[in-house]
Amino acid sequence: MKQTVSQQIKKKLEWLGHCFFYTVLVLGGQRAAYCFLYPVIFTYVLCGRKIHRATAPYFRRRFPSHNRLALRLDVFKNVLSFGKVLVDRGWMGLNPKAELSGRFADSEKLRAVIREGRGVVVLLAHVGNWQTCLVRLKALNVEVHALMEFDQERVSKHFFELRGEKPFNIIDVHGFLGGMIEATAALQKGDMVLMMADRLHQGRSASVDFLGSRANLPIAAYHLAATAGSPVVVLFAAKTGRKNYSLAIWDIFYPGRSGREKREEFVHCAQRFSSALEKYVEQYPYQWYNFFDIWAQ
Amino acid sequence: MRLQRNDNRWRMENLKKDLKEMLVRDLKLQDINPEEIGNDDPLFEQGLGLDSLDAVELVVLINKHYGLQIKDMEEGRVAFASVNALADFISEHRDTSTG
């Protein structure tokens, strides 16, 4: 597809922006890059319209009482937090000694579920610094597969491949039958399959309550887990300090064991995921990076 | 020799019949009888209209009924092309696994 001149300029500017931040990261480290983030994001939030359109559906529901000015501040905090996550990712990718320290409070629970030997479906969402935290999964001594979009693969590749350590094998969701054959085979071997469960791209979905409105969430993960007889673990990461994070299990359930009719069972599972996500955004309102109107689908 | 060929053909026909019955019964296909499924009809999208979630069930069913694992999309693409392809896959891999 041919790009317009403005698209070409935008692309060039984005590329220059990336180069600038990588140079700052190499020369000044994480703290210096954070300092540059403030004016850049302030200008972006002040002048840009797209980001307000993208975040408004979430913030209108998360903070219904906030006025226009407060909402602008919310968007600034949100984008700044996202910028810091991106900086961390670049910083860790470029610097082999860079480490974030964190705690995975429920790691023993996850180990116990893995020991059951029926594979595990781990549900993630576009929140917190999930990609950097996935390094921790290496310590679980189980093969990890991530069902991902190609674009996401590029982003994570950037971080993990620069570091030369890829903690998971990527299954392309745009592959034959959405990568479901590999995912099923992995669960049958007792492996872990990671899936994003907060955004519907295609396929079957369920309407659930999320922040006071109905949202459509995908149900493929629950179907996969129920068919393979695997448990579902809802795992979210959160950035808790400049070099700190926390990784926690927000729910564990076993789709297909309740005796409900299939469709009803999957709606129930999607609602459980949505409730866990709701609790997460209550605690970390600015670490919501799903810049997409999930209520409009 | 001829007897063996006839026996093989009979086995394959039985296998295809079993597979069609399994598809209709276990994937709960509505308004379709096993006999209506053509041996060369595509299983996914056009054809029987199965989707990726049916593929999950099919992988588990093949494992449960025939003890075979479909490991990746390349294997799945070949095996799930039609009833004929699935029967060929099962017969070939069953023979291999039983030596």
Atom CD in B/Gln69, atom NZ in A/Lys189: separation rounded to 0.5 Å?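 Output value for this atom pair is 8.0 Å.
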
Which heavy atom of [X] sits nearest a heavy atom of [Y], and at what distance?
X: B/Met73; Y: A/Phe176; answer: SD-N, 3.4 Å
X: B/Ile70; Y: A/Ala185; answer: O-CB, 3.6 Å
X: A/Ile181; Y: B/Asp72; answer: CG2-O, 3.6 Å
X: A/Leu177; Y: B/Asp51; answer: CD2-C, 4.4 Å
X: A/Met180; Y: B/Leu53; answer: CE-CD2, 4.0 Å

Looking at side-chain heavy atoms only, is the closest gap between A/Glu182 and B/Lys71 below 4.5 Å?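 No - every pair of side-chain heavy atoms lies 4.5 Å or more apart.
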
Report the C-alpha distance between B/Asp54 and A/Arg204 in whole Å, list the side-chain angles of each, state the deciding distance to 0.1 Å, and finish with yes or no for salt bridge (charged side-chain N to carboxylate O under 4.0 Å, His left out). CA-CA 11 Å; B/Asp54 294 314; A/Arg204 303 180 208 178; 3.7 Å; yes

Counting neighbours of CZ on A/Arg214 that are heavy atoms of other residues, nucleotides or ligands and sit closer than 6.0 Å, is the number greater than 12?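 Result for CZ/A/Arg214: enclosed.
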
Top contributor to chain A contacts, counting heavy-atom pairs under 4.5 Å, from B/Ser52, B/Ala55, B/Gly76: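 If we count pairs closer than 4.5 Å to chain A, B/Ser52 comes out on top.
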
